[in-house]
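This structure is a prediction, so every number in the text was calculated from the model and none was measured. Numbers restart at 1 for each chain; the letters A, B, ... are given by sequence-line order, proteins then strands.
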Protein chains: 2
Amino acid sequence: MQIEKRPRKPTLSEVAALAGVSEITASRALRASAAVTPETLQKVQDAARSLGYLRNRLAGALAGGPSNQVAVILPSLSNIVFPDVLKGLEDRLDDAGFHPVLGISNYDPAQEEHLIRNLLSWRPAGLVIAPSGMTEASRAVLRDAGLPVVEIMDIDTDPVDMAVGMSHRAAGLAMARHLVGRGYKTPAYVGHDITRDPRAVARLEGFRAGLHQAGLALADIVTLASPSSVALGRQGLAALLDRNTQHPDLVYFSNDDMAVGGVFHCMAAGIAVPADLAIAGFNGLELGQSLPVRLTTTASHRTRIGETAAGCILDRLQGRETARLTDVGFSLVEGGTS
Amino acid sequence: MQIEKRPRKPTLSEVAALAGVSEITASRALRASAAVTPETLQKVQDAARSLGYLRNRLAGALAGGPSNQVAVILPSLSNIVFPDVLKGLEDRLDDAGFHPVLGISNYDPAQEEHLIRNLLSWRPAGLVIAPSGMTEASRAVLRDAGLPVVEIMDIDTDPVDMAVGMSHRAAGLAMARHLVGRGYKTPAYVGHDITRDPRAVARLEGFRAGLHQAGLALADIVTLASPSSVALGRQGLAALLDRNTQHPDLVYFSNDDMAVGGVFHCMAAGIAVPADLAIAGFNGLELGQSLPVRLTTTASHRTRIGETAAGCILDRLQGRETARLTDVGFSLVEGGTS
DNA sequence: ACACTGAATGACAGCGCTGTCAATCAATGG
DNA sequence: CCATTGATTGACAGCGCTGTCATTCAGTGT
């Protein structure tokens with residue numbers, strides 16, 4: 001008695017047989033990778049269609065064919081920044097027929113290392129990572145992997161292979177200069193859990209440096225040990241203003257989510273922005289730009305980072321020249337909150 | 001003369017040789033898939049480490065081993081809803097050592113079909129899709145694929161295999177009932193490009209049905225042919241109020257982004273919410289809940305949809321029973337804008 | 001008419017691993 | 001002491017495809 005068996009997926013050799021050609025010819029026809037008579041092409045395609053043939057890329061890649069998978073490791077999806085980056089990546093990769101294989105490190109270097117090995121074991125064509133304190137072991141694995149690797153977000157680093165991003169320190173510095181130029185004298189800072197966010201730290205440093213150059217310093221600073229959010233920004237500003245320290249005339253927030261929370265607090269507490277208090281953020285999220293009064297912020301080009309990183313991978317795969325460091329820059333957005 | 005050749009990655013057989021065991025034993029040791037003496041285990045692990053061995057899952061999967069990739073097809077990453085779903089998916093998948101392989105259909109059924117074939121050619125363990133008008137061909141491919149398939153977001157459908165989501169019609173209906181109960185008499189609607197968003201259409205239908213049951217009808221309706229955004233909602237409400245039709249006492253927006261735009265318009269135009277105009281959205285985004293006045297909305301459980309969908313895939317893979325339809329429900333959020 | 005060229009096709013081997021089944025061997029029970 | 005059992009290991013074959021090199025054959029130049 002025959003055990004009922006799901007009819008196996010048709011293989012290339014069955015397609016070839018039906019089309020009356022050799023396996024390898026069928027392979028070439030279906031990949032358009034080498035010269036095949038239009039006639040043969042037609043026969044093979046017909047055969048494939050009538051059998052419902054679905055290419056098995058596992059076998060193809062194992063046999064030496066190219067992979068069209070690109071490993072992507074991000075620290076989180078909760079922060080809108082990373083979906084934006086991912087969007088840019090996906091867009092460009094998709095154009096070239098590539099797919100991201102995703103891993104989320106949760107800002108954990110150990111998890112990151114684990115993900116690197118795991119994703120690499122599928123022999124992807126390239127790897128894009130927004131590092132979260134990569135271990136030396138991680139770097140070593142990437143170095144030996146022999147595939148294009150792009151580290152994204154930050155370019156104040158020494159990448160294993162390539163890096164695409166912006167200088168967060170420069171962004172903080174630029175914002176400080178801008179605001180100093182507007183005449184603010186007693187700046188304060190409200191931040192989220194920045195121990196996990198070296199880029200926010202870099203912005204803060206740059207901001208401080210900018211103030212320092214103008215003979216100013218932060219009047220006060222509040223950091224809360226939670227991931228950034230609108231609610232947290234609101235809470236953070238309330239806390240800041242509650243203290244009986246020198247009242248700031250300006251608050252620089254660790255990012256736009258936080259800053260929008262600050263704006264909401266002002267709305268609710270009847271604080272005039274920017275007359276009583278100016279507010280600035282970072283990222284240039286749509287959210288902040290759709291407020292009744294546009295948020296002053298620095299626009300980071302997140303999607304462009306993704307696109308550019310994907311471009312680096314693709315360029316490298318096609319043997320084109322690639323830059324080690326790519327600065328996508330940032331732009332200061334002079335909104336109405338400062 | 002020897003062409004310089006990147007030292008090939010060590011293979012399992014080299015590890016086995018170094019460890020002094022057979023290939024298959026090394027394989028088992030590294031997978032912990034069958035009984036191996038602690039001693040052998042140690043030897044093999046040491047050998048693997050000292051060689052910098054990196055498992056090749058391409059070969060493993062081809063040889064009949066399991067895949068830990070799950071294809072995920074979403075219509076977009078621009079709408080925060082989908083990153084939320086993806087987060088839920090990734091979370092649960094990661095727990096089980098699985099990775100999402102991502103494809104974005106851009107709401108295009110043809111692209112969707114293309115993605116399905118493409119991703120399936122990597123022989124993933126399962127597939128999760130937020131359908132965008134799946135073609136019959138797509139459904140057929142999925143049916144024949146012989147892997148767990150979960151269609152997400154909507155459960156008002158007839159899925160190929162499983163579906164996880166909520167009834168958007170019911171959500172619209174519930175919101176209508178709630179608002180009718182609050183005494184509003186002249187409701188209006190502001191929506192985005194809903195031709196591409198059947199779920200928004202379903203909510204609108206449900207909303208209309210709810211009104212109808214109470215002897216009411218939509219006083220006015222504005223739909224704009226762009227993807228939803230805060231700015232678009234703002235613009236939409238302005239347009240609605242600009243018309244010299246009966247003034248609404250309530251506007252139901254196609255989603256929270258749009259509704260928040262509406263709130264912002266009211267702030268800017270000096271319209272008191274909810275005294276002059278009530279506003280309701282859909283999704284329960286953090287954004288709306290952090291407004292100075294919390295937005296009235298329906299919370300969709302996006303992350304839970306992702307988690308549940310991943311759970312279905314995993315359950316099926318482990319031979320556990322799975323439901324064909326899973327309703328994750330929704331919850332009405334009575335905010336201050338109504 | 002003949003060697004020569006290039007396009008189209010094919011034979012072969014093997015990518016690196018795991019499922020299946022068989023072999024080995026110490027421990028157990030009578 | 002011998003058959004039986006279960007735990008551990010190994011031999012073998014093959015997953016489905018593509019790179020490499022060889023072969024075929026029509027078209028070209030002299």
Answer with yes or no whether R28(A) presents, from its side chain, a donor or acceptor under 3.5 Å of a partner atom in the base of dG19(D).
no
Close side-chain approach of V164(A) and C312(A), heavy atoms under 4.5 Å
yes
Output yes when a side-chain donor or acceptor of E151(A) lies under 3.5 Å from a complementary backbone atom of A163(A), and no otherwise.
no
Counting only side-chain heavy atoms from C-beta out, which of dT18(D), dT9(C), dG14(D) sits nearest to T40(A)?
dT9(C)
Both I24(B) and L58(B) contact DNA chain C. Which one's nearest nucleotide lies toward the 5' end?
L58(B)
Atom-to-atom span, CG of N56(A) to C1' of dG16(C) - whole angstrom:
14 Å
Any non-hydrogen side-chain atom of L142(A) less than 4.5 Å from a side-chain atom of M134(A)?
yes
To the nearest angstrom, how far is E39(B) atom CD from dT8(D) atom C1'?
12 Å
Rounded interatomic separation in angstrom, taking CD from E23(A) and P from dA13(C):
14 Å
Separation of dT8(D) P from L41(B) CG (nearest whole Å):
12 Å
Go through dT18(C), dT9(C), dT18(D) for me and flag the one nearest to the T25(A) side chain.
dT9(C)
Go through it in stages, so that I can follow the logic: the residues are R143(B) and E136(B), the test is salt bridge (charged side-chain N to carboxylate O under 4.0 Å, His left out), and I'd like the CA-CA distance, side-chain angles, deciding distance and then a yes or no.
CA-CA 10 Å; R143(B) 237 185 319 263; E136(B) 200 31 65; 3.1 Å; yes
Rounded to the nearest angstrom, tell me the gap between atom CG in L62(A) and atom C1' in dG19(D).
12 Å
For T37(A) and dT9(C), is the shortest distance between a side-chain N/O and OP1 or OP2 below 4.0 Å?
yes
Just the rounded figure in Å: distance from P of dG16(D) to CD of E14(A).
9 Å
Closest heavy-atom contact between A309(B) and L89(B)?
CB-CD2, 4.0 Å
Take the protein atom CG of L12(B) and the nucleotide atom P of dC15(C), then report the distance between them rounded to whole Å.
13 Å
Can you find a heavy atom in the side chain of R316(A) that is under 4.5 Å from one in the side chain of L147(A)?
no
Closer than 4.0 Å, any side-chain N/O of S22(B) to the OP1 or OP2 of dG10(D)?
yes
Are T11(B) and dC15(C) close enough that a side-chain N or O sits under 4.0 Å from OP1 or OP2?
no
First of P38(B) and R55(A) reached from the 5' end of DNA chain D, by closest nucleotide:
P38(B)
Check whether R31(A) reaches the backbone of S27(A) with its side chain - one donor and one acceptor, N or O, closer than 3.5 Å.
yes
Tell me which residues in residues 115-123 of chain A put a heavy atom below 4.0 Å from DNA chain C, sorted by number, or none.
none
Any R57(A) side-chain N or O less than 4.0 Å from OP1/OP2 of dC17(D)
no
